[in-house]
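For ligands, and for the atoms within them, numbers begin at 1 and follow the listed sequence. Index from 1, following the sequence.
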Amino acid sequence: MNAPTIESEVRSYSRNWPVVFDQARGSRMITRDGRSFLDFFAGASALNYGHNHPVLKRALLDYLGQDGVVHSLDMLTEAKNAFLAEFAARVLAPRHLDYRVQFPGPTGTNSVEAALKLARKVTGRQTVVAFTGAFHGMSLGSLAVTGNATKRGGAGLPLGHTWRLPYDGFAGGAVNGLTLLDTMLDDSSSGQDLPAAVIVETVQGEGGVNPASAAWLVELAELCARRGILLIVDDIQMGCGRTGPFFSFESAGITPDIVCLSKSISGYGLPMALTLFRPELDVWQPGEHNGTFRGNNAAFVTAAAALKEFWADSTLEKQTEERGALFEERLGDLAERHAGHVVTWRGRGLVWGLEFREPETARRVADEAFARGLLTETSGSRDEVIKLLPPLTTPDDELAEGLDILTDSVAAAVAH
Ligand code: PLP
């Protein structure tokens, strides 16, 4: 089969990477004609442990080989029990986190919808505070708290019940969103009622790799606690070790009321999502929120195997943090060398962004990288940021190889 003939115009990645991928191992994807690409995209952070990790694959094949239940809505299954036991023991207990676990349906946006619904149900309030540059998913509730105009435009109806505020550093830090929020809530004539929740990414991924400072996150958490507003952290892209610790909010020392997880929670690229919340918030009626594919047992099996393999100790976390220093240095060099084109670089752990003055330059860099065998995507409000998301398990030599290709690609793109 050649190029898709019946696939909708809505397709996107296949336009920028017009090859047919056939196999994938670790940090590499191989096309049907044998071209090898280093994958610094990692399924938009759904593949933090790389493609087809052998330990996870073995667990999956063994499970399928014994006719383990694959689909089960939210029935009790061995695979679900095993996942919940691992999650409690390896993720929640060591971090002293007391969360209930909801399986909201298999995608990130399912997790966000559940979080928003629950926050509104618990508080009896409707408005949710969301930030400039935020991305929370494409279904209507998630889209209402998303910032991007093109994505919002696709809704076809008004997206409401959202109070938009500047994210940390928005417009060069000219406006402090948290001061605005606090000050307006102090004044009963401000026109703004107390919101149900605030939803935030600790590092905005689609928004252009914008890390919030720990101080800003702490201030936000304190403000929410003081005002009785629920704090939702959307850790869908930045969770599961992407910034170093399992949860991206750990380094700020905050404890959200509700957490959204998806993408790399299954560890294998299989659809799976969780919504976590404090036990007191568990006011759902049985079946009040559900979804046919919330019991994806194949994903539970690889998720449990991933927790055992990568989260039994702090090795992966430390390694990711150390590698962050390498990226910071290499991107800093690039920014200095091409100061006329690069605005800045930023990131944490193994999520990094290189911001260009012109979106066209970022596009050319991604295209030059593709031509040289490296997959990277652009993000940001103007698509002006090259986003780097290598699998956390990428060997050192492949990380260096990817950064070398990026260096050549920037040189080629600016020489254009
Ligand atoms: N939230 C964040 C922070 C995301 O990055 C994404 C996807 O990129 C989503 C939500 C939506 O997840 P999904 O595409 O699985 O619905």
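- An N or O contact shorter than 3.5 Å is missing between V112 and ligand 1 by distance.
- Here atom 8 (O) of ligand 1 lies nearest to K263 when heavy atoms of K263, M272, M138 are compared.
- Side-chain contact between E398 and L38 is present, with at least one heavy-atom pair separated by less than 4.5 Å.
- Taking every heavy atom of G137 and a limit of under 4.0 angstrom, the matching atoms of ligand 1 come to 10 (C), 11 (C).
- The aromatic rings of F327 and F40 sit tilted relative to each other, their planes meeting at an angle between 30° and 60°.
- The nearest protein atom to atom 5 (O) of ligand 1, hydrogens excluded, is given as Q237 NE2, 2.8 Å; this is a heavy-atom distance.
- Atom CD1 of I236 sits about 7.5 Å away from atom OG1 of T109, to the nearest 0.5 Å.
- For atom 16 (O) of ligand 1, the nearest protein heavy atom (residue, atom name, distance) is T109 N, 2.8 Å.
- A salt bridge is absent between D74 and K80; no separation between the charged side-chain nitrogens and carboxylate oxygens falls under 4.0 Å.
- A salt bridge links R28 with E401: at least one charged nitrogen is closer than 4.0 Å to a carboxylate oxygen.
- Proximity of atom 12 (O) of ligand 1 to the protein is indicated by at least one non-hydrogen atom lying closer than 4.0 angstrom.
- With V200 as reference, L220 is the one residue of D168, V145, D234, L220 to meet the side chain to side chain contact (heavy atoms under 4.5 Å, CB included) rule.
- With respect to atom 15 (O) of ligand 1, the closest heavy atom belonging to the protein is G108 N, 2.8 Å.
- In terms of protein heavy-atom proximity, atom 4 (C) of ligand 1 is nearest to F135 CD2, 3.7 Å.
- Applying the 4.0 Å criterion to heavy atoms of D234 picks out, from ligand 1, the atoms 1 (N), 2 (C), 3 (C), 10 (C).
- With C240 as the fixed residue, the side chain to side chain contact (heavy atoms under 4.5 Å, CB included) test singles out one of D235, I265, V91: I265.
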